[in-house]
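The structure displayed is predicted, hence computed values, not measured ones. The residues of the chain are indexed from 1 along the displayed sequence.
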Amino acid sequence: MEAFNPNDYRKRVLADVERRGGPGESDPFELYDIPLDEVDSLSDAEIAVRVEEVWGFWQRQRDHPKYRVLVGLLVAAHPALSRVLFDSAARRVEAGRIREMRERRDADRYEMLDAAISRLVQRHGGVPSGKVSGLEEIGAMGGLSATEVATRLRRHRVIEDAPMPVSVLTDQRRQQIRQLLSEWERLIDGEPTPTLFALLRVDPAKAGQAQEIRLRAEALRARSRELPPGRIRVVLDELLIHIQDVLESDEATLREYLRSVAEDVAEELRPKVRAAVLVEDELVGDDFQYLLDEAMRLGLERSDATRVLTEIAAELGARVSNSPPTAPPQPTSSAPAPRLWEAPLKAARAALRGARPQEAARHVEEAHRLVGPDGEGLTPIRSVSDEVDRVLNEAKAHWRDAMAARAAKRYFEALAHLEKVRCTAADLLPPNQVPSIDQLLAEARYAIAEADRLFAEAQSGPTDARMRGLLAAVEICADHGGAVTALAESPLEAPQRVEATRLANGSVLVAWSPTSTDNVAYRVTRLRPDGSWRVVGRTQATELEDGGAPAAGQPVYAVAAAVAGRYSEITRSDTGPVAKPQGGQEQPQDDPTPSGIPTVTGLAEQAGLLVFMWPIGVTEVMAVVRPDQPPINPDDPKARSWKVTNMRYEIDGGVPIPPDIPRPCHIAIASCRREPNGNLTVAAGFAPTARIRWLG
């Protein structure tokens with residue numbers, strides 16, 4: 001029996017027991033983390049130690065924000081739960097009973113997964129490796145983890161998929177096309193453009209007609225040349241490049257793009273199909289027609305849409321029929337009475353399809369109430385309940401990400417999250433003291449449109465006003481790609497005449513002449529004896545007092561101007577302007593204690609979470625992630641950052657990295673200090689011990 005690990009127990013046992021409905025759905029061996037396979041070899045003393053450890057952990061978790069109710073029930077039930085464990089004879093008898101109970105429970109949980117595996121084996125002679133992710137989704141419907149699915153798959157031969165030839169249609173290009181089409185829809189009022197075919201107004205059924213595609217593409221290029229400079233033209237020109245490379249290059253690439261569209265549509269519709277077939281195990285009538293219309297709206301022609309729905313239903317163990325379901329027979333004296341829980345369960349499925357998971361949850365509760373004493377119906381109700389929980393949890397995560405993006409003025413990111421909430425959980429109320437989703441969507445669209453306007457004016461305006469216009473666009477919408485890119489390409493003047501003067505109190509006053517750029521900040525660094533630079537501070541003024549300067553000698557300082565995360569060349573107090581290496585790109589500069597704030601140590605990956613040791617006195621940190629290289633500083637414009645509190649860290653057992661961040665990536669942790677006036681100061685850089693390369 002392994003040593004008791006509180007964090008692992010919280011994530012592995014408490015979370016599972018909470019999901020299943022509480023202590024009544026568990027057993028003493030699970031609750032006290034005693035492996036059933038080792039019961040016969042454990043002594044009474046070892047059992048007593050483990051029970052005492054778990055009991056003490058429960059006591060410490062009674063105020064836990066997530067598990068306090070569950071822990072309260074466990075504490076109250078402790079005398080009855082633990083009694084059977086202290087006597088070796090009673091313990092062995094109870095262990096035998098629990099083994100049988102778990103086997104029956106596992107049979108129900110694995111039923112849907114085993115059926116899907118059986119069909120794949122019959123069809124392919126094994127399990128294709130490309131189908132494993134789909135099996136993990138099916139297993140999740142029964143409450144199985146990816147590890148449990150992998151264990152089940154050991155009984156069967158996994159067939160490796162044939163290697164795919166290298167294609168121009170990479171995942172990165174597919175993502176770029178989706179993002180550009182989405183932006184085009186926001187910029188242009190008109191019909192939706194889910195695919196490149198929709199942009200050309202070509203029926204997907206006519207995808208093989210190369211001449212028509214070429215003619216329509218030429219017409220669109222002519223239209224692009226007539227547009228004035230601005231974001232609309234930039235987006236259209238980039239889309240036309242993709243049309244040339246993907247639709248006009250060769251038939252194989254065009255067909256591959258059609259397959260990628262079908263994959264995207266299947267990914268979008270799979271949760272809706274799962275909800276539609278949970279009860280009847282068949283996709284029929286209104287459900288089929290609704291999903292067929294959705295697939296066609298997302299860019300598929302009718303036959304491909306039907307094929308995609310059929311394949312998804314087959315993965316879920318259901319079949320498709322486009323005829324309406326037959327009316328159920330009227331009850332007779334010899335026919336069984338209708339089951340009362342079916343009506344609210346169907347209403348829950350309909351609410352899910354209508355993007356109303358809160359309403360669906362209420363129908364699920366009603367179905368639970370109407371289940372008979374024999375428990376018939378619990379399995380389909382649990383499946384719908386799990387789907388409702390999944391949709392709600394994802395929607396809540398999108399709300400959190402949208403609010404974080406809104407706070408940072410990343411309105412493109414916020415808009416994507418808000419639109420996802422609108423499509424899947426329109427009846428989920430926003431967090432407290434937050435405007436309605438309609439107001440937030442309008443706010444994001446207005447900010448993007450205003451940033452587009454400022455960007456277009458800056459691009460076409462005089463040179464001296466260009467920087468001001470770009471800065472104004474980024475100030476309104478921090479993730480406006482065009483403005484951020486243009487700023488990165490704009491020259492930034494370095495400060496002049498840096499002078500360092502020793503004051504009577506022993507500190508050094510660093511002063512410099514300002515640059516001609518508006519809204520600029522300055523970073524001041526001091527040269528150390530080993531040749532490295534230490535960040536002294538940042539300011540928008542033209543002087544800074546260094547109270548930590550060494551007492552002996554005259555320190556050398558360097559000052560750089562900063563705008564929107566970009567830095568100019570440095571100007572030294574002993575020489576003058578010094579060009580930056582590598583074409584002016586800012587390089588990461590580490591400091592053991594940036595800004596004098598203690599730093600985190602021991603960064604590591606553990607169970608999919610980023611873990612580290614918190615320094616004494618630090619209760620908040622800033623996580624900064626960049627895919628291509630280590631983050632330069634907490635303000636790195638090409639990095640993504642968010643704040644983490646020690647309470648959130650304790651609840652999650654670490655820092656979860658958002659799944660949409662590419663792996664591998666580079667992560668750095670900047671310590672924060674809460675000032676007496678309530679303001680939060682973020683360290684100017686990272687310590688060498690506060691960096692890690694995350695493989696994912």
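- Partners of Ile476 under the side chain to side chain contact (heavy atoms under 4.5 Å, CB included) rule, at least two apart in sequence or in another chain, are Ala447, Glu450, Leu454.
- Here the side chains of His417 and Met403 are not in contact, with every heavy-atom distance at 4.5 Å or above.
- The number of heavy atoms from other shown groups lying within 6.0 Å of CD (Glu267) does not exceed 12.
- Considering every non-hydrogen atom in both Ala408 and Ala478, the closest pair reads O-CB, 3.5 Å.
- Using a 4.5 Å heavy-atom cutoff, the side chains of Met622 and Ile669 are not in contact.
- Taking each heavy atom of Leu300 and Ala262 in turn, the nearest pair found is CD2-CA, 3.9 Å.
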Verdict with reasoning, Ser182 to Gln179, per side chain to side chain donor-acceptor pair (under 3.5 Å): CA-CA 5 Å; Ser182 178; Gln179 291 174 344; over 6 Å; no

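- You'll find the side chain of Pro271 reaches within 4.5 Å of the side chain of Arg390, heavy atoms only.
- With sequence neighbours excluded, the residues satisfying ring-ring contact (aromatic ring centres under 6.0 Å, His included) with His480 are Phe412, Phe455.
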Step by step, work out the salt bridge (Lys or Arg N to Asp or Glu O under 4.0 Å) result for Arg422 and Glu419. CA-CA 5 Å; Arg422 168 60 63 80; Glu419 288 177 340; over 6 Å; no

Might you work through the salt bridge (Lys or Arg N to Asp or Glu O under 4.0 Å) test for Glu620 and Arg648, ending with a clear yes or no? CA-CA 10 Å; Glu620 297 166 274; Arg648 185 74 257 173; over 6 Å; no

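- Atom CG of Leu215 is separated from atom CG of Leu220 by 12.5 Å, given to the nearest 0.5 angstrom.
- Pairing each heavy atom of Leu352 with each of Glu387, the nearest pair is CD1-CG, 3.7 Å.
- The nearest pair of heavy atoms linking Ala295 to Ala305 is CB-CB, 3.6 Å.
- With a 4.5 Å cut-off on side-chain heavy atoms, Leu309 and Leu292 count as touching.
- Look at Arg362 and Glu365 and you find no salt bridge, because none of the NZ, NE, NH1 or NH2 atoms lies under 4.0 Å from a carboxylate O.
- Nearest heavy-atom pair, Val235 versus Leu180, reported as atom, atom and distance to 0.1 Å: CG1-O, 3.7 Å.
- Shown here for Ile657 and Arg663, the closest heavy-atom pair between the two residues is O-NH2, 3.2 Å.
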Show the numbers, then the answer: is there a side chain to side chain donor-acceptor pair (under 3.5 Å) between Arg173 and Gln176? CA-CA 5 Å; Arg173 182 185 281 264; Gln176 289 174 349; 5.9 Å; no

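- Salt bridge Lys638/Asp628: absent, no basic N to carboxylate O contact under 4.0 Å.
- Salt bridge annotation for Asp386-Arg382: absent, with no cationic side-chain nitrogen under 4.0 angstrom from a carboxylate oxygen.
- Ion pair Glu263/Arg174 flagged as a salt bridge, since at least one NZ, NE, NH1 or NH2 atom sits closer than 4.0 Å to an Asp/Glu carboxylate oxygen.
- Between Arg640 and Arg626, every side-chain heavy-atom pair lies at or beyond the 4.5 Å cut-off.
- Partner of Pro204 under the side chain to side chain contact (heavy atoms under 4.5 Å, CB included) criterion, out of Arg302, Met296, Glu301: Glu301 alone.
- Salt-bridge annotation for Glu394 and Lys420: absent, with no side-chain N of the basic residue lying under 4.0 Å from a carboxylate O of the acidic one.
- In this structure, Lys409 and Glu475 have side chains that are in contact, with non-hydrogen atoms separated by less than 4.5 Å.
- Between Glu443 and Arg406 there is a salt bridge, since at least one side-chain N of the basic residue sits less than 4.0 Å from a carboxylate O of the acidic one.
- Counting only heavy atoms from C-beta outward, the side chains of Asp203 and Phe197 never approach each other to under 4.5 Å.
- One finds no salt bridge joining Glu248 and Arg214 here, because no Lys/Arg side-chain nitrogen approaches an Asp/Glu carboxylate oxygen to under 4.0 Å.
- In this structure, the side chains of Leu609 and Val655 stay at 4.5 Å or more apart for every pair of heavy atoms.
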